[in-house]
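For reference, the structure is listed below as C-alpha cells.
Because the structure is predicted, anything quoted here is derived from the model rather than measured. Each ligand, and each atom within it, is numbered from 1 in the order the structure gives.
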Amino acid sequence: MKNIVILISGGGSNMAAIVRASQQQDWAKRYNARVAAVISNKADAKGLVFARDNGIATEVLDHKQFDSREAFDAQLAQVIDRYEPALVVLAGFMRILTPGFVSRYEGRMVNIHPSLLPAFTGLHTHQRAIDAGCKFAGVTVHRVTAELDVGPILDQAVVPVLPGDTAEQLAARVLVQEHIIYPRAVLNLIKN
Ligand code: GAR
C-alpha cells in the first residue's frame, strides 16, 4: 500500500478534498494508495476532526515544545516515517522546513501555494496580488525543494481578480480551485 501522509496547520480543507477524492475514486482499490495519517503542528487544527471522523490516524506535534527548528523537524520526521510514506503532502502546513527535512523527503514531498508561482512566494499572497494590480491570480502545486515555494511546478489554476476584491474574496475563489487541482496532482503522483 502506498501511504500518503498529509501535514496541516489549520482548517485542512485541502486535506479534506484529498481524502474525499481518495474515497470517491477508491484509491485503495484502484491505485493501492491511501491517506494513512494527518499530522498537525497545532492541536486545535480543525482539520484533525475531519481526519478522525474519516478513520484516519492523526498526530499532533507542537513546534512550541521544541528548542529549535532542527529538533522539531527531526521529531516530525520520526512521526512521519512510522507511516512509511510514498508521498508527504503539505496542505496549509505553515512551517519553514529545514534543509535536512526537505532532503529526507526529496522527490516525494509536495506543497500547495496560493499564488501563481514564481510570483508571490511567502505570505499574504492574495493581498499582494491585489496591491500589484494583477488581473489574474491562482494557485500552484509544486515539489518541495530547499528554497521556500520554489520547487518544480506540477499544476496550476488561474482565477480572475475582480474589481473591488478583498483578499478574503480572492482567497475563497482561489480555494475552490485548490480543492480541484491538489487531489488531481496527488493522484497523478501516486499513480506513476
Ligand atoms: C490554502 O489556501 C493553502 O494554499 C495555503 O494555506 C491554505 C490552507 O487552507 N498555504 C500556504 O499559504 C502555504 N504557504 P486549508 O488548511 O483549508 O487547506
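Residues passing the salt bridge (charged side-chain N to carboxylate O under 4.0 Å, His left out) test with Asp149: none are found, sequence neighbours excluded. Evaluation of the side chain to side chain donor-acceptor pair (under 3.5 Å) rule for Arg20 yields no partner, not counting sequence neighbours.
The closest side-chain donor-acceptor pair between His179 and Ser13 falls under 3.5 angstrom.
Distance alone, capped at 3.5 Å, places no donor-acceptor pair between the Asn54 side chain and the Ile56 backbone.
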Would you tabulate the side-chain donor-acceptor contacts of residues 150-161 under 3.5 Å, counting partners in other chains and residues two or more places apart, or write 'none'?
unit_1	atom_1	unit_2	atom_2	d
Asp155	OD2	Arg184	NE	3.2
Asp155	OD2	Arg184	NH2	2.9
Gln156	NE2	Leu117	O	3.0
Gln156	NE2	Thr140	OG1	2.9

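Each of Gly11, Gly12, Ser13, Asn14, Gly92, Met94, Ile112, His113, Pro114, Leu175, Glu178 has a non-hydrogen atom positioned under 4.0 Å from some atom of ligand 1.
A salt bridge links Arg173 with Asp165; the closest basic N to acidic carboxylate O contact falls under 4.0 Å.
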